[in-house]
Structures are given as C-alpha cells and as structure tokens.
Amino acid sequence: MLTELLTGWITHQRWFAGKGRPIDDLVVDSDVELSPRLRHLIISVHQAGARDRYQLLLGSEAPEWAHFKAAHIGEGYYDAAYDADLTVALLEGMAEGRDTGPLRFRHVEGVEIDTSLRSLVLGAEQSNTSLVYGETYICKLFRRLNAGVNPELEIVTALARHGGRNIARPYGWIEADLDGEPTTLAMTQEFLPNSNDGWALALASVRDLYGSLEGSASDAGGDFSSEAYRLGITTAQIHHELAAAFPTDTIEPQEVKRMVEEFRRRLGTAVEEVPELGEYAHVAEEAYQRVTDVASETRVQRVHGDYHLGQVMRTTTDWIVLDFEGEPGQPMAERRALASPLRDVAGMLRSFDYAARHLLADHSDADELRPRAVEWAELNRSSFLAGYSAGGGHLRAEDAVLLRALELDKAAYEVLYEARNRPTWMHIPMSAFQMGR
Ligand SMILES: Nc1ncnc2c1ncn2[C@@H]1O[C@H](COP(=O)(O)OP(=O)(O)O)[C@@H](O)[C@H]1O
Ligand SMILES: O=P(O)(O)O[C@H]1O[C@H](CO)[C@@H](O[C@H]2O[C@H](CO)[C@@H](O)[C@H](O)[C@H]2O)[C@H](O)[C@H]1O
C-alpha cells in the first residue's frame, strides 16, 4: 500500500523532521494529478500525539534511473522532484497562473516564465528541496508545511517591490489552503549562477589557515575578513530595507523580559533532549539574567530569522541574502513576528564559530589548531560587526548584553537541531556554552 511505502521512505529523507521517533500513522490528506504520471501529495505524519504535514511530488512507472535511495519509494513509485520530464509541470502551472484542484500556481505580476527549461535537484544539504531550472530559476519545494504564507515569499516579494538589491528576484509560487489559510507550497526565484554560498567560502578560508601551522588568521592566503566586513554592510542594508517595507515597533522592558522567558524555555527543551547541556546551562542562564537586569526599550522589526553563512551567496559583485523563512519547525506566527535585528547578527556570529570548528572534529592536529580556530572566528566576527556598523546597522555598546544572550539562544536551538539532524556536529554548538562565549 502507498502509505506503507511512504512511511518506510520518508524516515530516510534529509528534510524529515521526525527522525528517531516511530511513525504511528501516515495519512494522505490531498492527492492531485498534475500530469499523467505526476501526482502532488500532502501527507500527515502522526508521531507521539503530534502531526506534521509534508508535501511530495509522486511519480509512477519509475524509470530505471529512479532507483537510487532518495528517489526510490517502491512498487514503481518515486520522488518525481528528480524527474525533469515531470517537474516542467510546475513551471507551466506558474507561467499560466493555473488552478489545478486545490493547488494555485501563480507568477509575480509582469514576469514571463520560460517553460522550456529542465530541472535538476540541487545537491545541497537542505530542509527543503530545490529544483534548478537551467541556470535561470530555482524553485524551492517547502517540504514540511506550516499553515500560512511563507515569510520567504512575503519578504522577498515585498523587498523586490521596494527595489531591494540584495535578494534573488522572485518569479512565482504555488499555494493551497491548509487549515483554511492560504499556504505557500513552493517558490521560484532567480538562480544565481557563478556564485558561492558563504559557508563554502568560509570553509575554504579555514582550510587554508589549517593548511599552514604558521602565521595568523589575517595572514592566511584565504583571509575571509574583508568578505565578512562586506557581509556586515549587506546585512545592515537588508535590515534597513526590511524596516522600510514592513512595520517596526519599540518594545518595553517588560516585553524584553518576556523574550528572555522564551530563551529560558528553549534552553529547557534543549537540556531535556540533550542532558549533557545541563552542565553548562548556567552560562546561558547568567547571560539571560543580565538582559533582564538591564532591560531597556528595544527596537523590533521583521528580520531574516535563521541567518547563517549558508543563507548568503557571494556573486561576482555582491552578497545576496536567501531563505527568509525563519527557523524551520517554528510556527508561522512566530517566524513572522517582529524581533530585534540583533537576532540575525547573533545568527551570523554563531556561523563564524561553526565554520571555524567544523573542520576540527576529525583533524589529527585538532589540539594545535583549536586556538587558530578561535582566532579565525574572532577576526571574522569582529569584521562582520564592523561592517554592520559601517553599513548603518544599529549597534550600541549596551547591545552587547542582548547580543550575547541571542547568541546563546541560537546555540540552544543549534544543539536541538544537531541532536535531531547531525549528532556528530553536536560539539560545535556545545562549545558556545563550554567556552563561556
Ligand atoms: N537563488 C539561488 N541561486 C543559487 N543557489 C541558490 C539559490 N537559492 C539557494 N541556493 C543554494 O541552495 C542552498 C540552500 O538554499 P536555502 O534557501 O537556504 O534552502 P533551505 O531552506 O532548504 O536550507 C544555498 O546554500 C545555496 O547553495
Ligand atoms: O538552512 P536551513 O534553513 O535548512 O537551516 C537549518 O539548517 C542549517 C544547517 O544546514 C542550520 O545551520 C547550522 O549549521 C550551519 C552549517 O551547516 C551553520 O552555518 C549555522 O550557523 C548553524 O546554525 C540552521 O541552524 C538550521 O535552521
């Protein structure tokens, strides 16, 4: 039966959020034929009393090549995201602004979509699945569905309307109603050819530094600090554009304290799931208490929400910011809520730590290299902050207290993320607490 096949297959998918917990039931909520061998499915996965919804493109009569692990579902069914002959239906639907059953395909006003292009699944490790059509479009299928307009679509279309330069141009989207709310299922944007994501560039720099045991981080051939500085400037620009395109507000100290309560809740969840974090929880607790002690009026606005080096692309001329959808797994309302822009600054600071420490794990000279990792991270963290200020980002001396708390809150999120997705990376966010930074 199809539901049994899907149950076996889904647990092995990178984007499946319920790993490690048994599936109690899997139900097909919606099944729409898009073309003769292609169906669009929305499924509910029930685990331990909770339900998560996912979407997939289901191909039938699997061609010979579709037997590799990610695509193969069984009995002739396969993940049709990998089949360029079938995925053209998505572009055609968006180009025509078609309605197919409950699915609504739409394009941004005034754009023409070229339907002659063929897709390839992007190989990156992702929470979603992206199809690259030619070198022109990238269509992201949001895998785990949360009712509501995806902040990514909302933000990118708003910034494009306001003339934003640091985003990939939006072309179209697919939506359907979920729990009575219009919900984004997929989004098509400009593909940025000849570009590299910040994570790949940062790792190249770290590798270069580790390759030579002499000299300092700023002397290494792969010095990244000027890029970190430019990224800081771009981040400040994006924050200005977000503040211009959406409402902003100032929150009272009382609300800042409520925000700290949220940090404490997340830390509690992380400790419950990863008990070894408990030993260091006091480090975060002290940082959170300091925010409460000095709580003052704080500016809030729409932010990126899950800002890290994998979300920024270096083209030949600029840094472009991607993936404004917030932290996967959080409810939409939370992801769209106004927040301190320092949340994004903290996310990127964490990412410099990630890049510096990632290559240490299996390195035979790890002990010798660890101080260099710290030096690399410090250099790039401070260059990023300097760029952020130079670009007009609001950063006052007293913001250091909130920034540190936001970093530890992000690290708590990362502990949970790694426990669920990449346990061998756990040491990276754990070190944020162990170092006391
Ligand atoms: N517009 C684009 N042009 C080129 N590459 C892109 C584009 N959007 C995403 N990518 C590539 O896909 C990766 C993951 O994209 P992202 O939007 O962060 O997906 P996810 O939400 O699944 O993490 C990026 O790090 C980048 O390598
Ligand atoms: O990009 P996504 O929206 O899928 O974000 C999730 O996955 C990220 C990892 O792919 C994760 O980011 C963490 O790992 C990154 C390196 O792979 C690092 O640069 C980030 O700083 C770190 O947080 C992200 O947290 C998660 O939401």
Side-chain angles (χ1 to χ4, degrees), residues 13-17 81 120-144 150-153 155-156 160 166-171 184 186-203 206 231 266 270 304-315 318-330 335 343-359 361 377 380-381 384 406-407 409-422 424-432:
Q13 304 312 306
R14 161 74 171 82
W15 41 263
F16 179 59
L120 265 180
V121 173
L122 192 81
E125 264 230 331
Q126 284 181 281
S127 306
N128 298 297
T129 297
S130 290
L131 308 178
V132 177
Y133 288 88
E135 286 207 333
T136 307
Y137 309 124
I138 178 162
C139 174
K140 193 197 291 193
L141 290 173
F142 296 108
R143 286 298 194 163
R144 186 171 171 200
N150 194 289
E152 168 121 332
L153 177 64
I155 288 183
V156 169
N166 303 107
I167 50 160
R169 184 177 175 208
Y171 281 93
T184 317
M187 175 176 176
T188 299
Q189 278 176 276
E190 164 191 13
F191 180 68
L192 306 163
N194 309 319
S195 57
N196 282 301
D197 66 65
W199 176 251
L201 292 173
L203 283 195
V206 175
L231 182 57
R266 175 132 89 173
H304 183 282
D306 189 17
Y307 202 46
H308 60 81
L309 284 163
Q311 315 280 41
V312 290
M313 300 289 293
R314 182 69 165 90
T315 65
D318 293 301
W319 279 106
I320 300 289
V321 178
L322 305 172
D323 202 8
F324 289 83
E325 58 168 328
E327 287 169 356
Q330 303 292 342
R335 298 206 224 163
R343 178 169 281 286
D344 290 342
V345 174
M348 194 55 79
L349 293 180
R350 288 284 317 123
S351 213
F352 289 119
D353 262 8
Y354 253 78
R357 289 173 180 276
H358 167 57
L359 298 173
N380 288 292
R381 287 162 59 94
F384 174 74
L406 283 164
E407 264 203 78
D409 180 55
K410 188 71 186 179
Y413 165 82
E414 289 166 346
V415 164
L416 282 171
Y417 180 86
E418 301 304 355
R420 291 170 187 171
N421 294 286
R422 307 181 292 199
T424 56
W425 292 47
M426 175 63 83
H427 65 100
I428 304 179
M430 284 294 273
S431 68

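Atoms within each ligand, like the ligands themselves, are counted from 1 in listed order.
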Of all the atoms in ligand 1, which lie at a distance below 4.0 Å from a heavy atom belonging to [X]?
X      : answer
Gly310 : 24 (C), 25 (O)
Asp197 : 25 (O), 27 (O)
Lys140 : 16 (P), 17 (O), 19 (O), 20 (P), 21 (O)
Glu325 : 21 (O)
Leu322 : 1 (N), 7 (C), 8 (N), 9 (C), 10 (N)

Residues that Leu359 engages under side chain to side chain contact (heavy atoms under 4.5 Å, CB included), provided they are two or more places apart: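 With neighbours one apart ignored, the set is Leu203, Val206, Arg207, Tyr210.
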
Could you list the atoms of ligand 2 found under 4.0 angstrom from a heavy atom of Ser351?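 It comes down to these atoms of ligand 2: 18 (C), 19 (O), 20 (C), 21 (O).
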
Out of all atoms in ligand 2, which are within 4.0 Å of some heavy atom of Ser127? Include the element for each.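 So the answer, numbered in order with elements, is 2 (P), 4 (O).
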
Check the side chains of Glu325 and Asn128 for a donor-acceptor pair under 3.5 angstrom, ignoring hydrogens and angles.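 On atom types as modelled, these side chains qualify, holding a pair under 3.5 Å.
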
Distance-only side-chain donor-acceptor flag, Arg143 / Ser127, under 3.5 Å: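 No, Ser127 and Arg143 have no side-chain donor paired with an acceptor closer than 3.5 Å.
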
Any [X] heavy atom less than 4.0 Å from ligand 1:
X      : answer
Ser130 : no
Glu152 : no
Glu190 : yes

Counting heavy atoms only, which of [options] comes nearest to [atom]?
atom                    : options                        : value
atom 5 (O) of ligand 2  : Asp306, Asp353, Leu322         : Asp306
atom 4 (C) of ligand 1  : Tyr137, Trp15, Phe191          : Phe191
atom 7 (C) of ligand 1  : Val321, Ile138, Thr129         : Ile138
atom 14 (O) of ligand 2 : Gln311, Glu414, Arg422, Glu418 : Arg422
atom 27 (O) of ligand 2 : Trp425, Tyr413, Phe352         : Tyr413

In this structure, which one of Glu407, Glu414, His308 forms a side-chain hydrogen bond (donor to acceptor under 3.5 Å, both in side chains) with Arg350?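 Among the candidates, only Glu414 passes.
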
Check the orientation of Tyr307 and Phe384. Use parallel for under 30°, tilted for 30 to 60°, and perpendicular for over 60°.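 Judged by the thresholds at 30° and 60°, the geometry between Tyr307 and Phe384 is tilted.
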
Does [X] approach ligand 2 within less than 4.0 angstrom via side chain, backbone, both or neither, non-hydrogen atoms only?
X      : answer
Glu152 : neither
His358 : neither
Asn421 : neither
Gln330 : neither

Trp319: side-chain hydrogen bond (donor to acceptor under 3.5 Å, both in side chains) partners, not counting sequence neighbours: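 Testing Trp319 for side-chain hydrogen bond (donor to acceptor under 3.5 Å, both in side chains), a comparison that skips the adjacent residues, returns Glu227.
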
Geometry only, no angles: is Asp323 polar-contacting ligand 1 at N/O separations under 3.5 Å?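 Asp323 vs ligand 1: N/O contact under 3.5 Å present.
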
Contact check: Gln311 vs ligand 1, nitrogen or oxygen atoms, below 3.5 angstrom: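 Yes: some nitrogen or oxygen of Gln311 is under 3.5 Å from one in ligand 1.
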
For ligand 1, does Leu122 get within less than 4.0 Å through its side chain, its backbone, both, or neither, judged by non-hydrogen atoms?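 Side chain only; the backbone of Leu122 stays clear of ligand 1.
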
Does Leu192 approach ligand 1 within less than 4.0 angstrom via side chain, backbone, both or neither, non-hydrogen atoms only?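 Both backbone and side chain.
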
Are there over 12 heavy-atom neighbours, none belonging to Glu327, within less than 6.0 Å of that residue's CD?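 Check passes, neighbour count above 12.
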
